[in-house]
Asks: 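Have a look at the structure that comes next, please.
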There are 2 protein chains.
Amino acid sequence: MVLTLQLPPGAALSENELAASLGVSRTPVRESLILLAQEGLVQVFPQIGSFVSRVDPAQVADAQFLREAVELAALDDLPPDLDPAVLKELRDNLERQQREGLGLEEFFDLDEAFHQGLMRLSGHGNAWTTVAAAKGHLDRARRLGLYENASPAVFADQHREIFDAVAGGDVSLARTAMRTHLRAVFSDIERIRAHSPELFATDSSTVPVRRNVVVWE
Amino acid sequence: MVLTLQLPPGAALSENELAASLGVSRTPVRESLILLAQEGLVQVFPQIGSFVSRVDPAQVADAQFLREAVELAALDDLPPDLDPAVLKELRDNLERQQREGLGLEEFFDLDEAFHQGLMRLSGHGNAWTTVAAAKGHLDRARRLGLYENASPAVFADQHREIFDAVAGGDVSLARTAMRTHLRAVFSDIERIRAHSPELFATDSSTVPVRRNVVVWE
DNA sequence: CGACAGGTGCTTGTATACAAGTACTGTCCG
DNA sequence: CGGACAGTACTTGTATACAAGCACCTGTCG
């Protein structure tokens, strides 16, 4: 729910409320929040509250750098003979990406699977897991970008370009295409930030505080 | 204690024992184990027990790939003017690495600080945090390697070589030196594994079981 | 009218009790 | 002699009670 922005950045999370709505006690909720906090998706302030972390442009940049470094290195490490099973999987994936009427969340799943498959071609599928765990802020920024212009077609075309270069054995072209593709996120972010500044962190030293609010029951 | 091998790979961890020896209740112990489990340093088997994970050569290779990709990419991203404060810090660090009678743990701390400082030169100090969290298996393998031959001098020389290339602006040489340095780990691992196979994972499908043992009180 | 102390209601942090499951051991029974 | 079976001692998983602290509200006193 944090990743899909159903819980928006900045939202307050109460362990008690979550426990009640999920029908469990605070313990498993709390243990889950600890894991989310380690990924940087949730911030816990003792005696104050837990919050969905705002999208931090610095953390987005960090994740972008990490991801680009790893994916480009994987391209350099491609073996001469590519696994045909994975190639077929990637082709099927690409075809589904270009279907009409594709939902955004479905596209994200395909996107994720595509990049992971690419890593598996060079035998580094497990390294993708680490990257995936570190790029929570990046993913949320990407979602914000797609919610704005809602045109996954451009990205699908870029995916095909990368795949064709990889399948054709042109590592240099693949690297260029991958770099262009991954950096497309940045051009989106500033636009989103002008649109919805409340979703982004400005000063990391600001901490949230509790407010008593009165609502109609 | 897991990273420094004071708790050896394969050791059984009891939440109750840890809680008693640390003077706290199971709750904070358990929450800590969850974090260690996410880093892959501890494995928890429900209703069976928790164990320090054995060094998994596959995970060592994954961490090595990730680390190499990130550190080499950082070298490519060095700005023309390097921060003099960080340069001084690195120089001091190098000098201390070559002191006589340096303890192994002290060397590891200097090693870690050196690589992190190198990343900060290109403004990617935060990305190092993610790499550091993912390379627990790698670090344990490196410690095993150093406990065997106990000659950090070679690595200290390699560090100086990398630094001189960076300070001299020769990115290509820096890349080569860094790659050689990072891959030195692999040559060590097989030797260690022949020596102490019980520290390494062989088949990931094997799970530990409980045994009732009788000990003298 | 203003300052201040205490009460209230929330938050997360910790301790503890109990539940569910595993593995071994001794005993009973055929 | 061998197998079924209850009992024991441990494991982790979950629920719950209490502790410590923050922010606000409110009554009281000057």
Asks: When you measure from the side chain of B/Asn93 to the backbone N and O of B/Leu110, does any donor-acceptor pair fall under 3.5 Å?
Replies: yes
Asks: With DNA chain C as reference, determine whether B/Pro46 or A/Leu33 sits nearer its 5' end, using the nearest nucleotide of each.
Replies: A/Leu33
Asks: Under 4.0 Å: is that the gap between some side-chain N or O of A/Ser25 and OP1 or OP2 of D/dA15?
Replies: yes
Asks: Give a yes/no answer on whether the side chain of B/Ser50 brings an N or O atom under 4.0 Å of OP1 or OP2 in D/dT12.
Replies: yes
Asks: Tell me: CD of B/Glu15 to P of D/dC10, nearest whole Å?
Replies: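 The distance from CD of B/Glu15 to P of D/dC10 comes to 15 Å, rounded to the nearest Å.
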Asks: Expressed in angstrom and rounded to an integer, what is the separation of A/Leu22 atom CG from D/dT14 atom P?
Replies: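 Atom CG in A/Leu22 sits about 13 Å away from atom P in D/dT14.
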Asks: Calculate the interatomic distance between A/Glu17 atom CD and C/dG9 atom C1'; express it in whole Å.
Replies: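 For the pair A/Glu17 CD and C/dG9 C1', the rounded distance is 13 Å.
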Asks: What's the closest nucleotide to the A/Ser14 side chain, out of C/dG13, C/dT11, D/dT14?
Replies: C/dT11
Asks: D/dT16, OP1 or OP2 - any side-chain N/O from A/Arg26 closer than 4.0 Å?
Replies: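 Checking D/dT16 against A/Arg26, no side-chain N or O comes under 4.0 Å of OP1 or OP2.
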Asks: Could you tell me how far apart A/Phe45 (CZ) and D/dG21 (P) are, to the nearest whole angstrom?
Replies: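 Rounded to the whole Å, the gap is 19 Å.
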Asks: Say whether, by atom type as modelled, one donor and one acceptor occur between the side chain of A/His181 and the main chain of A/His159 under 3.5 angstrom.
Replies: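 Side chain of A/His181 to backbone of A/His159: no pair is present.
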Asks: Just checking, is any N or O donor in the side chain of A/Arg140 or A/Ser53 under 3.5 Å from an acceptor N or O on the other one?
Replies: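 The answer is yes; a qualifying pair exists.
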Asks: Which part of the nucleic acid does A/Ile34 contact within heavy-atom distance under 4.0 Å: base, sugar-phosphate only, or nothing?
Replies: nothing
Asks: State which of D/dT14, C/dT11, C/dA20 makes the closest approach to the side chain of B/Gln47.
Replies: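 The nucleotide sitting nearest to the side chain is C/dA20.
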Asks: Is a salt bridge present between B/Arg96 and B/Glu106, judged by a nitrogen-to-oxygen distance below 4.0 Å?
Replies: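 No, this pair does not count.
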Asks: Considering just the side-chain nitrogens and oxygens of A/Thr27, establish if one lies under 4.0 Å of OP1 or OP2 belonging to D/dA15.
Replies: no
Asks: Rounded to whole angstrom units, what separation is found between the CZ atom of A/Arg30 and the P atom of C/dT14?
Replies: 7 Å
Asks: Does the side chain of A/Asn16 get closer than 4.0 angstrom to OP1 or OP2 of C/dT11 through an N or O atom?
Replies: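 Answer is yes, contact under 4.0 Å.
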Asks: Can you measure A/Phe51 atom CZ to C/dT11 atom P for me and round it to whole angstrom units?
Replies: 10 Å
Asks: To the nearest 0.5 Å, how far apart are CE in B/Met178 and CD in B/Gln158?
Replies: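 The CD atom of B/Gln158 is 10.5 Å from CE of B/Met178, to the nearest 0.5 Å.
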Asks: Whole angstroms only, please: what is the CG-C1' distance between A/Leu18 and D/dA15?
Replies: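 Going from A/Leu18 (CG) to D/dA15 (C1'), I get 16 Å.
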